[in-house]
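It should be emphasised that the depicted structure is a prediction, and the values quoted were computed from it without experimental measurement. Convention: sequence-line order gives letters A, B, ...; per-chain numbering from 1. Worth knowing before you read on, the calculation uses all heavy atoms, side chains too, and leaves out hydrogens, waters and symmetry mates.
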Number of protein chains: 2
Amino acid sequence: MKKKTTIYDIAKELNITVSTVSRALSGFSAISDTTREAVIATAKKLNYSPNRLASALKSGKTYIIGVIVPSVQAHFFASIIHSIEEGLKDSGYRVILYQSNESVENEINGVKTLLEAQVDGIMASMSLETEDVSHFAEIVKQNKPLILFDRVHNDLKVPTVTLDDFRAGYLATQHLIDQGYKNIAFVTTIHQIKIFNDRLKGYKSALETNNLPILKEHIIFGGLSIKDGRFGASKLMRLENKPDAIIAGDDFTALGVIKKLKEINETPPQIGVIGFANEAFSPYITPSLSTIDQHPNQMGSECAKMFLKMIQLKNPYQDVNHVILDPLLVERQSTIN
Amino acid sequence: MKKKTTIYDIAKELNITVSTVSRALSGFSAISDTTREAVIATAKKLNYSPNRLASALKSGKTYIIGVIVPSVQAHFFASIIHSIEEGLKDSGYRVILYQSNESVENEINGVKTLLEAQVDGIMASMSLETEDVSHFAEIVKQNKPLILFDRVHNDLKVPTVTLDDFRAGYLATQHLIDQGYKNIAFVTTIHQIKIFNDRLKGYKSALETNNLPILKEHIIFGGLSIKDGRFGASKLMRLENKPDAIIAGDDFTALGVIKKLKEINETPPQIGVIGFANEAFSPYITPSLSTIDQHPNQMGSECAKMFLKMIQLKNPYQDVNHVILDPLLVERQSTIN
DNA sequence: CTGAAAGCGCTAACAT
DNA sequence: ATGTTAGCGCTTTCAG
């Protein structure tokens, strides 16, 4: 293997200096057309490929931004990522991904790795486990743009893009009430995450508004997964005062709930079931799953837009914005009583 | 914002030189325990975070490896990624992801970006569009490890990890035959991708072995998606000689097929349907989807193992291996006649 | 065991 | 419009 070509090789070939080559390649500074063309031609001839590391080391900008999500397997996050990439496409910024797999430890590691890789900014949605946010605070301390989306944290004074989760919870509950359900349970995570708390508040508020009682035994705090959904449903259906509808913390959990209900012959919409996130599978299961759409694409493009704005400012945090999106009810068979 | 601490700051603080600091931090070279401890303590005190860029520029190793997949939304690829990360965890290598979204252009860009970022190696599964593979050849030319998984290409003389796709196609077909289906159609991609061709060959071979005719009109070449599945199914079911079972190129396509069949009241297993990949939703749709499991986790860990081996050699390609995994039939309701 | 010094590939003043 | 030169932060000989 021959050594990689550098701008020095190009310079030597053309009997000019590296600065000229650098300028020609970057395209901006004053350069004669002939020189530029010659440089570009020689670069191609020598199969030159720039070393971004060196450039980044010198200029302090990598043009890479790190995105940390709990998991790329959720359609919701995958869609956000896609829209972030889309929104950043023309700016020259590239995205690299890091999954926390819902573990704080991984998340801390992710922040560290990305920071050490000198990314120009980070966008993140926190893991369920995350309570202490000092690892994120470190990003702010370095004065690098940090944008939180969906799963955010109040202690961090950074821009956020979220859903109106109170309204989301309210909407889901009101929809079930409108469909004639009167005894509505809620299966959610035990972790103190703002968005999940907000949804729960929305749920309670909707019940109150409709003069329905808030029953402690109808609120199940556990995990969010297919398994947890099954578990929550079976726990609820063994109650003396069985619910006639169940709101699940996300669509995966809702799927578990439905599985369980089918097994015990209480197939929705006999018992109403609604989830959150409008996952890819949700329209295709039987019965198809009603859910709250969280506008992942809008979320992603808002993040991108926000980042591009922040990167312009000398102090990225001089003007901290919060974008709040409106949830959208998607009615399907699982709640059509 | 204060400047970032460097090893110079630590050196100055302790009245030693940067080389000593560097050695202490890297942990290997001969260093007295006292010095090492002092350095580490000071590093923590000054909130030091290494600049990997500088280190990589000097040492030529970034300890980052790039993974290119068509899409992270497919459970299959997400699982592979997860297992790659798992397998690399203890080695110090980190993974960064790049999605091609099934576009060659994105794929070429991805290779370029990763190469410019000086990754230490690349693992990739090709987009459906990819025919010319010169962008991948460039990686080999730079003598950097390239490992192809699942969607591979014969022109590239690099290590691969794949499923025995001929057997996968055969297995799916034979299963349908065993279930009593006799008129089996195949909906696949129009793109000339090895794995899909191999499955088709397996399908044909199974038909031959069982003395069943291979009907041209029963092989639909289109795309792979829910939409394409619907399309393929409706095309097939309008035939004079309607099939009594359909093999779909992947589970998404199979899902589309099932949707369509349900609409025209030919709900599986009345018409048998089987897919490939055992996606996350496949057990949960109605009827649950029979499929061929492609062992994504094994695939990922084999990739990781292979990479670790290659990186040791002075010439990574001196010993090109091909791991071939055995497909696994997952029988569910959609084919239980 | 530690120090001195060169240099990875590139950018960006500052000259000319 | 082009050349000169000094680093970016780190690793790594080579000396001692």
Side-chain angles (χ1 to χ4, degrees), chain A residues 1-40 42-43 46-64 92 115-120 142 144, chain B residues 1-40 42-43 46-64 92 115-120 142 144:
Chain A
M1 186 190 57
K2 49 273 181 186
K3 288 225 52 54
K4 279 200 61 178
T5 26
T6 72
I7 51 173
Y8 280 89
D9 302 320
I10 300 178
K12 197 178 299 167
E13 184 87 5
L14 294 171
N15 278 315
I16 54 179
T17 58
V18 285
S19 36
T20 309
V21 175
S22 175
R23 280 186 276 251
L25 257 19
S26 69
F28 280 101
S29 331
I31 274 279
S32 78
D33 283 353
T34 35
T35 320
R36 189 198 327 283
E37 278 155 28
V39 168
I40 290 174
T42 315
L46 299 181
N47 194 21
Y48 169 75
S49 158
N51 184 334
R52 300 275 171 218
L53 250 46
S55 156
L57 178 60
K58 178 66 191 172
S59 69
K61 295 179 72 46
T62 54
Y63 289 97
I64 291 177
L115 244 24
E116 290 180 0
Q118 312 299 120
V119 294
D120 288 348
Q142 293 197 13
K144 285 194 176 172
Chain B
M1 185 191 60
K2 48 272 180 190
K3 288 225 51 56
K4 279 201 61 178
T5 24
T6 72
I7 52 173
Y8 280 88
D9 302 318
I10 300 177
K12 198 178 299 167
E13 184 87 5
L14 294 171
N15 278 313
I16 55 178
T17 58
V18 286
S19 29
T20 308
V21 175
S22 173
R23 279 187 276 251
L25 258 19
S26 68
F28 281 100
S29 333
I31 275 280
S32 76
D33 283 353
T34 36
T35 320
R36 189 198 328 284
E37 278 155 29
V39 168
I40 290 174
T42 316
L46 300 181
N47 194 21
Y48 169 74
S49 158
N51 184 333
R52 301 274 172 220
L53 250 45
S55 154
L57 178 59
K58 180 63 192 171
S59 70
K61 295 180 70 48
T62 54
Y63 290 96
I64 290 176
L115 244 24
E116 289 180 1
Q118 313 297 124
V119 294
D120 288 348
Q142 293 197 12
K144 284 194 177 173

Sugar-phosphate or base contact per nucleotide [nucleotides 10-16 of chain D; S, B, -; heavy atom under 4.0 Å]: BBBB---

Distance-only polar pair, side chains of A/T17 and A/T20, donor-acceptor under 3.5 Å: yes

Separation of C/dC1 C1' from B/I16 CD1 (nearest whole Å): 12 Å

Neighbour count >12 (heavy atoms, 6.0 Å) for atom NZ, A/K12: no

Inter-axis angle, terminal five-pair segments of the helix from C/dC1-D/dG16 to C/dT16-D/dA1 [nearest 10°]: 30°

Pairwise distance OG1(A/T6) to CG(A/N51) - rounded to 0.5 angstrom: 9.5 Å

Distance, rounded to the nearest Å, where A/Q118 contributes CD and C/dG9 contributes P: 19 Å

Sugar-phosphate, base or nothing in reach of B/I31, heavy atoms under 4.0 Å: sugar-phosphate

d(CG, B/D9; C1', D/dC8) in whole Å: 14 Å

Spacing between A/K61 atom NZ and C/dT11 atom P, to the nearest angstrom: 14 Å

A/S59 side chain to A/S55 backbone, donor-acceptor under 3.5 Å: yes

Close side-chain approach of B/D33 to B/R36, heavy-atom, < 4.5 Å: yes

Atom pair distance, as rounded to whole Å: CZ in B/R36 and C1' in C/dC1: 11 Å

Gap separating the OH atom of A/Y48 from the OG1 atom of A/T42, nearest 0.5 angstrom: 12.5 Å

d(CG, B/L53; C1', C/dG7) in whole Å: 16 Å

Between C1' of D/dA1 and CG of A/L14, the distance in whole Å: 15 Å

